[in-house]
Amino acid sequence: MTNILITGAKGQLGNEIKELSLLYKNFRFYFTDIEELDISNPKAIDNFVSKNNIDIIINSAAYTAVDKAEEDEKMASLINSTAVLYLTNTAKKYNIPLIHISTDYVFDGNSYLPYIETDETKPLSVYGKTKLYGEKHALLYNKSLIIRTSWLYSSFGNNFVKTIIKISENPEIKVVFDQIGSPTYAKDLASAILKITEKITNNEIVEYGIYHYSNEGVCSWFDFAQMIIKYLNKSTKIIPVRSELFPRPAHRPNYSVLDKTKIKKNFKIEIPFWLDSLYECLDKIKKD
Ligand SMILES: NC(=O)c1ccc[n+]([C@@H]2O[C@H](COP(=O)([O-])OP(=O)(O)OC[C@H]3O[C@@H](n4cnc5c(N)ncnc54)[C@H](OP(=O)(O)O)[C@@H]3O)[C@@H](O)[C@H]2O)c1
């Protein structure tokens with residue numbers, strides 16, 4: 001039996017991993033969130049890992065309030081950066097792999113081609129900066145695998161999809177069209193993480209380091225909203241606007257498409273098209 005620690009299990013990604021975990025009978029999962037295991041407490045991490053003979057750590061905990069982070073840098077830095085160092089140190093001490101999740105917000109968005117893992121990072125926000133430091137900490141250990149993802153949504157938690165559903169009763173809504181990226185259904189990311197975990201535990205040749213994962217295809221937030229409204233069969237008018245019209249505390253990259261060639265090649269992962277996954281998630285939200 002392989003013992004797997006999941007941190008931040010009450011979040012979007014953590015919940016999706018939990019749902020899929022039933023398919024992995026050879027894994028014993030330890031789902032924790034801040035009440036069970038606060039990742040900013042290094043002693044607690046060490047105790048938990050040693051007491052439960054953890055074989056692999058998957059860190060899905062994070063400080064994800066992107067705008068709030070601008071005025072709460074201390075807390076964002078503690079969770080996204082310092083705590084990752086604590087997890088890395090523990091993983092190193094017990095010689096177990098660490099899978100850590102990062103973000104497209106480590107880039108400045110000035111590219112016009114999908115970002116590859118080795119492209120220069122230049123975060124525009126406190127959140128992006130703290131996540132980049134988290135990556136740097138994880139990379140101090142040679143059994144860390146970092147997955148950068150973008151525009152995460154799920155039937156769990158709050159996200160763009162849920163917001164659009166909520167405001168779809170309005171006759172019209174304004175959505176930015178000048179930020180381009182790729183949505184990621186957290187269930188697809190969870191499935192990729194578990195496949196990678198399986199390969200690691202089967203001792204299949206694994207290259208650690210940084211990887212990119214999102215759904216296939218590219219869209220703007222405006223396109224994304226259009227497809228949600230279309231699915232809902234609502235007559236809500238969506239007005240495309242520039243980001244300047246919605247000034248927010250944190251700057252976001254205008255272009256944050258991630259190139260996923262490396263993860264697909266190294267782990268033989270097939271990635272669904274974003275629209276297919278969006279409809280799957282909307283079906284689930286409707287059913288629930
Ligand atoms: N959401 C996105 O659009 C997006 C985009 C790109 C990358 N990512 C990355 O993807 C990963 C998963 O994101 P997500 O959307 O699933 O995040 P999420 O829904 O915000 O979940 C994160 C979980 O971590 C918990 N947490 C916070 N501080 C903690 C601590 N000290 N100890 C243990 N748990 C703690 C949170 O609890 P509270 O809710 O109580 O704080 C929450 O349950 C993160 O690394 C994130 O940076 C997210």
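Remember, it's 1-based here, ligands and their atoms both numbered in the order they're listed. What's counted below: heavy atoms across the whole structure, side chains too, no hydrogens, waters or symmetry copies.
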How far is atom 4 (C) of ligand 1 from its nearest protein heavy atom, and which residue and atom name does that atom have?
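Looking at atom 4 (C) of ligand 1, the protein heavy atom closest to it is Leu152 CB, 3.6 Å.
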Starting from atom 47 (O) of ligand 1, which protein heavy atom do you reach first, and at what distance in Å?
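Checking every protein heavy atom, the shortest distance to atom 47 (O) of ligand 1 gives Tyr127 OH, 2.7 Å.
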Considering only NZ, NE, NH1 and NH2 on the basic side and carboxylate oxygens on the acidic side, decide whether Glu216 and Lys264 come within less than 4.0 Å.
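Lys264 and Glu216: salt-bridged.
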Within reach of ligand 1, part of Leu37 (heavy-atom separation under 4.0 Å)
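It is the backbone that gets close, since no side chain atom is under 4.0 Å.
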Nitrogen or oxygen of Ile39 less than 3.5 angstrom from that of ligand 1
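In this structure, Ile39 places an N or O atom under 3.5 Å from an N or O of ligand 1.
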Check whether any heavy atom of Gly157 sits under 4.0 Å from an atom of ligand 1.
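Outside the 4.0 Å threshold, so no.
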Starting from atom 20 (O) of ligand 1, what is the nearest protein heavy atom, named by residue and atom, and what distance separates them?
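Checked against all protein heavy atoms, atom 20 (O) of ligand 1 sits closest to Thr64 OG1, 2.6 Å.
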Is it true that Asn59 and His100 share a donor-acceptor pair across their side chains at a distance under 3.5 Å?
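Looking only at side-chain atoms, Asn59 and His100 do form a donor-acceptor pair, the distance falling under 3.5 Å.
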Taking N or O atoms only and a 3.5 Å limit, does Ser150 qualify as a polar contact for ligand 1?
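The answer is no, given that Ser150 and ligand 1 share no N or O pair closer than 3.5 Å.
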Out of Ala61, Ala62, Gly8, whose heavy atom is nearest to atom 27 (C) of ligand 1?
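Selected option, by shortest heavy-atom distance: Ala62.
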Would you check if the distance from the ring center of Tyr255 to the ring center of Phe107 is below 6.0 Å?
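No: the rings miss the under 6.0 Å criterion.
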Quick check on Tyr153 - does any of its heavy atoms sit under 4.0 Å from an atom of ligand 1?
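The answer is no: ligand 1 sits nowhere under 4.0 Å from a heavy atom of Tyr153.
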Any ion pair linking Lys234 and Glu169 (charged N to carboxylate O, less than 4.0 Å)?
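Salt bridge present between Glu169 and Lys234.
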Which protein non-hydrogen atom lies closest to atom 42 (C) of ligand 1, naming both residue and atom, and how far is it?
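Answer for atom 42 (C) of ligand 1: Asp33 OD2, 3.8 Å.
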Out of curiosity, is Ser102 lining ligand 1, as in a heavy atom under 4.0 Å away?
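The answer is yes: ligand 1 sits under 4.0 Å from a heavy atom of Ser102.
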Give a yes or no on whether the ring-centroid distance for Trp151 and Trp274 is below 6.0 angstrom.
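Ring-ring flag for Trp151/Trp274: false, centres at least 6.0 Å apart.
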Give the residue, atom name and distance (to 0.1 Å) of the protein heavy atom nearest atom 16 (O) of ligand 1.
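So the nearest neighbour among protein heavy atoms is Leu13 N, 2.9 Å.
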Short N or O distance, Ile101 and ligand 1, threshold 3.5 Å exclusive:
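Yes, there is a polar N/O contact under 3.5 Å.
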Identify, for atom 28 (N) of ligand 1, the protein heavy atom at the shortest distance, and state residue, atom and that distance.
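Of every protein heavy atom, Ile79 CG2, 3.8 Å lies nearest to atom 28 (N) of ligand 1.
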For atom 15 (O) of ligand 1, closest protein heavy-atom neighbour
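For this ligand atom, the closest protein heavy atom is Gln12 NE2, 2.9 Å.
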Numbering the atoms of ligand 1 from 1, which are under 4.0 Å from a heavy atom of Lys10?
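Listed by number with element, the hits are 43 (O).
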Quick one: is the NZ or CZ of Lys92 closer than 6.0 Å to the six-membered ring centre of Tyr141, and within 45° of its axis?
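So Lys92 doesn't make the cation-pi contact.
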Just to confirm my output: which protein heavy-atom neighbour is closest to atom 29 (C) of ligand 1, and how far is it?
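Closest protein heavy atom to atom 29 (C) of ligand 1: Ile34 CD1, 3.9 Å.
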Is it true that the NZ or CZ of Lys262 lies under 6.0 Å from the centre of Tyr211's six-membered ring and within 45 degrees of the ring axis?
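Yes, Lys262 sits over the ring of Tyr211.
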Ignoring angles and geometry beyond distance, decide whether Trp151 reaches within less than 3.5 Å of ligand 1 through its nitrogen or oxygen atoms.
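Between Trp151 and ligand 1, no N or O pair is found under 3.5 Å apart.
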